[in-house]
Amino acid sequence: MSPRRHALVMLLPLLALTVPPSAGAQTATASATPARTSNLDAAARTAIVAQLAAELRSRYVYPEVGERGATAITAAATSGAYDRIVDLPALATRLTEDLRGVMADKHLMVFDTSNRPAPGVASMPSGEAGIVRADRLPGGIGYLQIDGFANPWAFKPALDRAMAGLKGSRALILDVRGNGGGDPASVSYLVSYLVPAGKRTEINRIVERKTATTEFKRDSFFSEPTPVSFAGVPAYVLTSGNTFSGGEELAYDMQTLKLGTVVGEVTGGGANPGERVSIGHGVMAFIPTGRAESPVTGSNWEGRGVQPDLKIPAADAFATTLRRLGQMPAAATIEAASPVSVFAPRTVALKGGEAMLRRLFAGRAASEPDYTLMKPDASEAGRAALAATHRRLQPLGIPQAIRFRRPDGFGFDEFTLVYPDRTLLIGIMLDSDGKFIDLIGPDPSK
């Protein structure tokens with residue numbers, strides 16, 4: 001797989017700047033600049049549109065569609081359609097609407113980074129790396145709720161513990177009704193639990209455009225060995241209209257590989273992963289640079305969504321599945337069916353988080369961040385995340401103590417920073433080599 005991780009996003013709706021209206025995204029950092037009123041002049045508007053058009057032509061996964069979008073916003077700007085927009089968030093929203101109108105891509109988004117408050121640790125979802133709960137229901141039914149697919153080095157150990165608790169289940173329910181997406185490597189790892197043990201199966205591919213060319217490369221994702229196997233166990237995937245991107249991939253993979261039955265609503269219809277790109281003037285764009293490609297169908301769910309095998313309202317999907325498995329009466333919710341989950345988030349930090357925080361604090365007084373804390377090939381957006389972290393830490397002293405608090409649902413490890421007069425919360429995400437990816441907070445402890 002290429003060093004630049006694919007994002008079959010959406011996983012971070014609170015951090016994200018890449019969020020379509022119905023979903024969230026993986027990994028993004030909001031600016032620490034306080035909210036303010038933007039005043040755009042004609043020169044700034046012209047520059048934003050010109051740079052955005054250039055990036056679409058250079059990066060968008062379908063060159064002819066990228067050209068269509070670039071031509072549309074350039075023509076709109078020339079006609080004066082944006083002349084009265086003097087507020088940066090309003091321009092970002094309008095550009096997003098105009099581009100989606102001609103490109104029909106729900107991952108595509110333009111957003112303002114200068115007018116957003118930094119996200120708060122306290123608002124992050126519970127769970128661990130996207131795993132919310134696992135339950136052993138009466139009748140030998142296993143239930144797993146996955147609201148996102150965090151990076152695999154955080155996701156895999158959480159999933160392994162959850163699946164160990166479900167070992168021996170005669171049927172498995174995978175609930176992705178609230179799943180906004182994430183890393184395709186983590187999706188493939190979950191699917192690996194359902195394929196025959198010892199059989200290496202190609203699960204998904206990402207076809208990615210090489211920047212500024214019309215050439216493409218393919219990355220394939222194969223099944224991996226898992227600690228326990230559910231091969232041959234009847235599986236059901238619960239979906240909703242809010243199931244998006246990587247959450248849709250799970251449903252599509254399970255369906256096309258004939259590993260399970262999809263129950264619920266047609267999903268959101270986003271299959272094009274991409275990356276954040278700086279446009280200048282406080283604007284960034286999430287531009288899809290690739291597309292998912294099933295080795296079975298040669299296609300994906302973009303624009304159509306995954307079509308359930310049993311199409312019913314999402315709210316009824318759980319009870320309907322229980323009835324199909326012989327449970328009568330069938331509880332309407334997992335909370336009613338199983339008051340206590342068998343899954344508990346870990347109580348120790350992933351390796352390297354505290355050490356990285358100490359290095360960030362030690363270097364906070366420098367005029368520039370230490371980019372050696374990241375991989376040499378870190379993206380422009382990744383470097384911007386470290387720069388934003390550096391600015392946020394500069395006013396703070398070195399804490400007396402740094403204590404692990406919990407993992408969260410997005411793949412961050414949260415810590416408490418202890419000072420003589422206060423405590424702060426902070427969250428950090430590292431890659432598999434212990435290099436910096438992102439940081440949220442600090443914000444006051446509740």
Side-chain angles (χ1 to χ4, degrees), residues 126-150 152 154-179 185-201 203 222-239 247 249-251 253-264 309-310 317-348 407 409:
S126 60
E128 183 182 341
I131 305 296
V132 177
R133 63 184 297 158
D135 297 76
R136 294 182 64 89
L137 306 181
I141 300 169
Y143 171 90
L144 182 69
Q145 181 181 340
I146 320 103
D147 281 0
F149 292 98
F155 181 80
K156 285 183 177 182
L159 180 64
D160 287 346
R161 293 200 320 277
M163 297 301 261
L166 302 180
K167 183 179 179 180
S169 298
R170 69 170 180 88
L172 196 61
I173 298 173
L174 305 177
D175 191 344
V176 291
R177 288 176 292 179
N179 192 303
S186 294
V187 179
S188 292
Y189 187 66
L190 175 52
V191 177
S192 298
Y193 271 92
L194 280 300
V195 302
K199 180 181 179 182
R200 190 168 186 258
T201 301
I203 293 171
F222 289 88
S223 60
E224 306 172 50
T226 56
V228 297
S229 175
F230 291 82
V233 172
Y236 296 81
V237 183
L238 311 187
T239 62
E249 191 212 318
L250 177 70
D253 292 345
M254 293 288 289
Q255 190 178 64
T256 57
L257 292 169
K258 300 187 185 305
L259 297 174
T261 301
V262 179
V263 182
D309 300 296
L310 182 59
F318 180 68
T320 298
T321 301
L322 289 183
R323 284 193 290 270
R324 287 173 68 92
L325 290 170
Q327 292 284 68
M328 298 294 287
T333 66
I334 183 59
E335 292 79 11
S338 175
V340 181
S341 172
V342 299
F343 172 77
R346 57 184 160 81
T347 57
V348 296

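Since the structure is predicted, the reported quantities are computational estimates derived from the model, not experimental observations.
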Using the rule given for side chain to side chain contact (heavy atoms under 4.5 Å, CB included), can you reason through Thr226 versus Tyr189, listing the C-alpha separation, both sets of side-chain angles and the distance that settles it, and then say yes or no?
CA-CA 8 Å; Thr226 56; Tyr189 187 66; 3.9 Å; yes
On a heavy-atom basis, which atom in Ala331 and which in Phe318 lie closest, and how many Å separate them?
O-CD2, 3.5 Å
Over all heavy atoms of both residues, which pair between Arg136 and Lys167 is shortest? Give the atoms and the distance, please.
NH1-O, 2.7 Å
Under 3.5 Å donor-acceptor, Ser192 side chain and Glu224 backbone
yes
Of all the heavy-atom pairs spanning Leu325 and Ala171, show the shortest one and how long it is.
CD2-CB, 3.7 Å
Is there side-chain contact between Pro407 and Arg346, with heavy atoms separated by less than 4.5 Å?
yes
Smallest separation among heavy atoms of Ala330 and Arg323, with atom names
CB-CG, 3.5 Å
Evaluate Phe155 against Ile146 for side chain to side chain contact (heavy atoms under 4.5 Å, CB included), listing each step before the verdict.
CA-CA 10 Å; Phe155 181 80; Ile146 320 103; 4.0 Å; yes
Look only at the side chain of Arg161 and the backbone of Phe343, and say whether a donor-acceptor pair between them is shorter than 3.5 Å.
no
Which heavy atom in Ala197 sits nearest to a heavy atom in Ala231, and how many Å separate them?
N-CB, 4.4 Å
Donor-acceptor side-chain pairing of Asp160 and Tyr193 below 3.5 angstrom:
yes
Closest non-hydrogen contact found for Leu194 with Val233 is CD1-O, 4.2 Å
Quick check: does any side chain N or O of Ser338 sit under 3.5 Å from a backbone N or O of Ile334, one acting as donor and the other as acceptor?
no
Val191 vs Leu259, side chain to side chain contact (heavy atoms under 4.5 Å, CB included): CA-CA, chis, key distance, verdict:
CA-CA 9 Å; Val191 177; Leu259 297 174; 3.7 Å; yes
For side chain to side chain contact (heavy atoms under 4.5 Å, CB included), just list the numbers for Gln145 and Ser341, CA-CA rounded to whole Å, side-chain angles, deciding distance to a tenth of an Å, and then say yes or no.
CA-CA 10 Å; Gln145 181 181 340; Ser341 172; over 6 Å; no
For Thr201 and Ser223, indicate whether the former's side chain and the latter's backbone hold a donor-acceptor pair under 3.5 Å.
no
